[in-house]
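Right, one structure below, let's go through it.
Residue numbering restarts at 1 for every chain, and letters A, B, ... go by the order of the sequence lines. This is a predicted model, so every value here is computed, not measured.
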Protein chains: 2
Amino acid sequence: MGPHTIEMTNDIEHRLKNKDINPTAMRLLVLDFLTKQVAAISLNDLEKGMGPSDRITLYRTLKTFEEKGLVHSIEDGTGATKYALCEDNCDGDQHHDLHVHFYCNTCKETFCLPNTKIPEISLPKRFQTEEMNLIIKGICDQCHPG
Amino acid sequence: MGPHTIEMTNDIEHRLKNKDINPTAMRLLVLDFLTKQVAAISLNDLEKGMGPSDRITLYRTLKTFEEKGLVHSIEDGTGATKYALCEDNCDGDQHHDLHVHFYCNTCKETFCLPNTKIPEISLPKRFQTEEMNLIIKGICDQCHPG
DNA sequence: ATGACGATGCAATGCTATTGCAATGTTAGC
DNA sequence: GCTAACATTGCAATAGCATTGCATCGTCAT
Ligand SMILES: [Mn+2]
Ligand SMILES: [Mn+2]
Ligand SMILES: [Zn+2]
Ligand SMILES: [Zn+2]
């Protein structure tokens, strides 16, 4: 544990406090792990990636993070919910990342595409939109041939 | 069983044969039930709506229908897969109903919006689309206030 | 100190999806 | 018609994920 770790911990700690989350040791570790991910992860991924820790505690940690607007969950059709860090302007009441999620049929990873927003959809009369969820499946940039 | 029933059965039977599905008694009943639905249904809904019948057989019937392009499945985020009849031009290789699905937060029903197509999405470089799934959640026309 | 409150760990449960296998029904060839 | 192949159905079992209950533990304010 050198000064680097301390600075990292303080940074992570502030991110938790900013979202009104009590920064426990477990939560610091989980958030640190989440920031290192390039793709959305499942509870299983988290359990495997973390040191030995209780699955249910990790589950509740993710739920807490989601409630507080620190992460959002993604139903990508694989059966296991995926989680990824939110953009900064999310909070517990409202998630503001209405971006597209991409599931790669080759590497089986789920990616947030934060710069690819879901376009406005004109619904039939008297249908009122509250949330949108767009999953695109295909081949990701890393797995693209040629 | 009057002439009405016989005509109905023959109609349903032809729809199965057109999709290359062996028209068994069970399948006739399931397809008949599906045609009467206004919303997409889960396996549970089907089990409750049908007479006493085996859940697994119903499950496999839906899977067969899906393989043959007679129904498509919808992951609406509720945890239970929903099923709805396809448009006529679907087949086993390709489902052509890239329409929006709507989940009503009030009545908890999932609807196909066959006339609301998913727009083209411009993805980042080297991402290749193979499938799209857009779920919109909100308030449906029937539950709309005022 | 101690009592309240939140966080954690462990056990148990519920629900959906999926497969194995035996029994049954159906069809085509003989 | 008989029979063997094949498809369908019914029942049992399993897997996997999500979720809750409860006891324990830690922390913090009084
Ligand atoms: Mn995302
Ligand atoms: Mn549909
Ligand atoms: Zn990939
Ligand atoms: Zn409704």
Original post:
In B/S/- notation, 5' to 3', how is nucleotides 4-18 of chain D contacted by protein heavy atoms closer than 4.0 Å?
Top reply: ----SSBBB----SS
Original post:
Say you draw a straight line from CD1 of I121(A) to CG of L134(A); how long is it, rounded to the nearest 0.5 Å?
Top reply: 8.0 Å
**OP:** Output every pair passing side chain to side chain donor-acceptor pair (under 3.5 Å) with a member in residues 38-58 of chain B, not counting sequence neighbours, ordered by first then second residue.
**Re:** S42(B)-D45(B), N44(B)-R55(B), E47(B)-R55(B), D54(B)-T57(B)
Subject >> Smallest separation among heavy atoms of A39(A) and T110(A), with atom names >> reply: CB-O, 3.4 Å
Original post:
Around D88(B), counting heavy atoms of other residues, nucleotides and ligands shown, do more than 12 lie under 6.0 Å from its CG?
Top reply: no
Subject >> Carboxylate-amine/guanidinium contact K17(A) E13(A), below 4.0 Å >> reply: yes
Protein and nucleotides 26-30 of chain D: nitrogen or oxygen contacts under 3.5 angstrom:
none

Original post:
What integer distance in Å separates D45(B):CG from dA17(C):P?
Top reply: 11 Å
Original post:
What distance separates C143(B) SG from K108(B) NZ, expressed to the nearest 0.5 Å?
Top reply: 9.5 Å
Original post:
How about N105(A): does its CG atom have over 12 heavy atoms from other parts shown lying under 6.0 Å from it?
Top reply: yes
Original post:
Salt bridge check: are R15(A) and D11(A) linked by an N-O gap of less than 4.0 Å?
Top reply: no
